[in-house]
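To start, the structure under review is shown below, and the notes come after it.
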Amino acid sequence: MGQILMSDLTSEQINAIVINISEMLNRARTYLEGLDALGDAEYMHGRSKYPLTGIVYSGFMPDHQNIPGMTIQKTMYGQKNMYLPELLNDDIFIQLYNSANDVRNSEEVKRKYRLMGDKFRLLFFMIDETTRTLQELELCKLCGFERKTKSGGETKETIIIGQREIIYKIG
């Protein structure tokens, strides 16, 4: 197991999150290797992340409340009506994302930040695409919005990620 660092989460909570993700990736590894063998290597290259996100999310089921001191819930978001897990208690509200996602323009992230304010955090997971193992967890605190006016007068709003903390890292 990798090194655990200090954060808004306890080491027991971080361990539980790491175990959830790692167990799901271990369970899926043989299946994913079969997908690689089925598809053309050139077409499959670089496309392994997307099923991994759903597999990681499947480790956080509301009927398996296994993160000490936290409640797990699913939330639907986006035009494709996709789901993502949320971890919450009285002090903190976390949404889990693949580190490949740039969520600064996400309407879901903007909405939840407006609703939850300073309690809202993003937890990014990084997976090694070759070994399909968890490499890193980064907990981020948001600090507001950046607003830019486009040439047509339309204002574009982007989330500003303030504090970032690596709470788990292999090696």
Side-chain angles (χ1 to χ4, degrees), residues 2-10 13-14 17-18 20-21 24-25 42-62 67 69-130 132-170:
Q3 178 185 8
I4 294 177
L5 306 170
M6 299 300 294
S7 75
D8 289 327
L9 299 172
T10 67
Q13 291 167 329
I14 294 168
I17 291 167
V18 169
N20 280 6
I21 293 172
M24 288 308 296
L25 292 171
E42 291 177 333
Y43 285 134
M44 296 301 285
H45 178 74
R47 290 184 170 84
S48 63
K49 260 182 223 160
Y50 304 106
L52 289 177
T53 300
I55 289 164
V56 166
Y57 286 175
S58 297
F60 298 91
M61 299 301 291
I67 308 296
M70 302 198 88
T71 299
I72 300 170
Q73 66 186 25
K74 279 184 184 180
T75 190
M76 188 187 332
Y77 72 100
Q79 295 173 341
K80 295 180 182 177
N81 295 328
M82 299 189 310
Y83 286 87
L84 64 87
E86 297 175 327
L87 312 175
L88 60 135
N89 62 27
D90 290 339
D91 301 316
I92 195 166
F93 189 99
I94 301 170
Q95 285 188 335
L96 191 63
Y97 289 95
N98 187 318
S99 63
N101 289 352
D102 181 0
V103 300
R104 292 173 299 154
N105 294 311
S106 164
E107 293 303 319
E108 171 62 17
V109 171
K110 292 175 191 176
R111 185 180 70 78
K112 282 291 166 79
Y113 179 60
R114 282 187 177 96
L115 183 67
M116 303 307 299
D118 198 43
K119 290 174 57 170
F120 188 56
R121 304 286 187 276
L122 303 175
L123 181 60
F124 292 100
F125 58 90
M126 181 185 294
I127 296 173
D128 182 291
E129 289 185 48
T130 305
R132 295 182 174 102
T133 55
L134 178 63
Q135 297 299 297
E136 185 175 286
L137 290 174
E138 181 182 39
L139 190 63
C140 298
K141 183 176 181 180
L142 308 179
C143 64
F145 298 97
E146 178 181 11
R147 292 174 179 87
K148 291 184 179 178
T149 304
K150 294 181 177 181
S151 58
E154 179 186 348
T155 301
K156 182 178 179 175
E157 190 173 63
T158 304
I159 288 283
I160 300 170
I161 296 177
Q163 294 173 290
R164 296 172 175 263
E165 183 178 15
I166 306 295
I167 61 171
Y168 173 85
K169 187 173 182 79
I170 293 291

Task: Crowding at CD, Gln73 (>12 non-hydrogen neighbours, <6.0 Å) - done: yes
Open item on the list: Is there a salt bridge (Lys or Arg N to Asp or Glu O under 4.0 Å) between Asp118 and Lys141? Walk through the geometry before answering.
Closed with: CA-CA 8 Å; Asp118 198 43; Lys141 183 176 181 180; 3.2 Å; yes
TODO: For the pair Ile14 and Val18, evaluate side chain to side chain contact (heavy atoms under 4.5 Å, CB included) and give the outcome as yes or no after the intermediate values.
DONE: CA-CA 6 Å; Ile14 294 168; Val18 169; 4.3 Å; yes
- [ ] Report yes if the side chains of Leu87 and Leu96 come closer than 4.5 Å at any heavy-atom pair, otherwise no.
- [x] no
- [ ] Hey, could you give me the CG/OG1 distance between Asp128 and Thr133, rounded to the nearest 0.5 Å?
- [x] 5.0 Å
TODO: Kindly compute the distance separating CG (Leu142) from CD1 (Ile161), expressed to the nearest 0.5 Å.
DONE: 6.0 Å
Open item on the list: With a 6.0 Å cut-off (strictly less than), is the heavy-atom count around CG of Asp90, excluding the residue itself, greater than 12?
Closed with: no
Open item on the list: Quick one, Gln95 and Leu84 - any side-chain contact, counting heavy atoms below 4.5 Å?
Closed with: yes
TODO: For the pair Arg121 and Asp8, find out whether any cationic side-chain nitrogen is under 4.0 Å from an anionic carboxylate oxygen.
DONE: yes
Open item on the list: Measuring only between side-chain heavy atoms, which start at C-beta, is Cys140 closer than 4.5 Å to Phe124?
Closed with: yes
Open item on the list: Tell me whether Tyr77 contacts the main-chain N or O of Tyr83 through its side chain, where contact means a donor paired with an acceptor under 3.5 Å.
Closed with: no
- [ ] Check Gly144 against Tyr113 and note the closest heavy-atom contact, atom names and distance.
- [x] N-OH, 3.1 Å
Open item on the list: For Gly162 versus Cys143, what's the shortest heavy-atom pair and its separation?
Closed with: CA-SG, 3.7 Å
Open item on the list: Working to the nearest 0.5 angstrom, can you tell me the gap between Leu139 CG and Ile166 CD1?
Closed with: 10.0 Å
TODO: Find out whether the Lys NZ or Arg CZ of Lys112 is both under 6.0 angstrom from the six-membered ring centre of Phe120 and within 45° of the ring's axis.
DONE: no
Open item on the list: Looking at Asn101 and Val103, would you say the former's side chain and the latter's main chain have a donor-acceptor pair under 3.5 Å?
Closed with: no
Open item on the list: Quick check: do Leu25 and Ile127 have side-chain heavy atoms less than 4.5 Å from each other?
Closed with: yes
Open item on the list: Any heavy-atom pair between the side chains of Gln13 and Met70 that's under 4.5 Å?
Closed with: yes
TODO: Flag the pair Glu108 and Lys110 as a salt bridge only when some basic side-chain nitrogen lies within less than 4.0 angstrom of an acidic carboxylate oxygen.
DONE: no
Open item on the list: Is it the case that over 12 heavy atoms from other parts of the model lie below 6.0 angstrom from the CE atom of Met126?
Closed with: no
Task: Among Ile17, Leu9, Asn89, the one residue meeting side chain to side chain contact (heavy atoms under 4.5 Å, CB included) with Ile94 - done: Leu9
Open item on the list: To the closest 0.5 Å, what do you measure between NZ (Lys156) and NZ (Lys150)?
Closed with: 5.5 Å
Task: Non-hydrogen atoms of Leu137 and Phe125 that approach each other most closely - done: CD2-CB, 3.7 Å
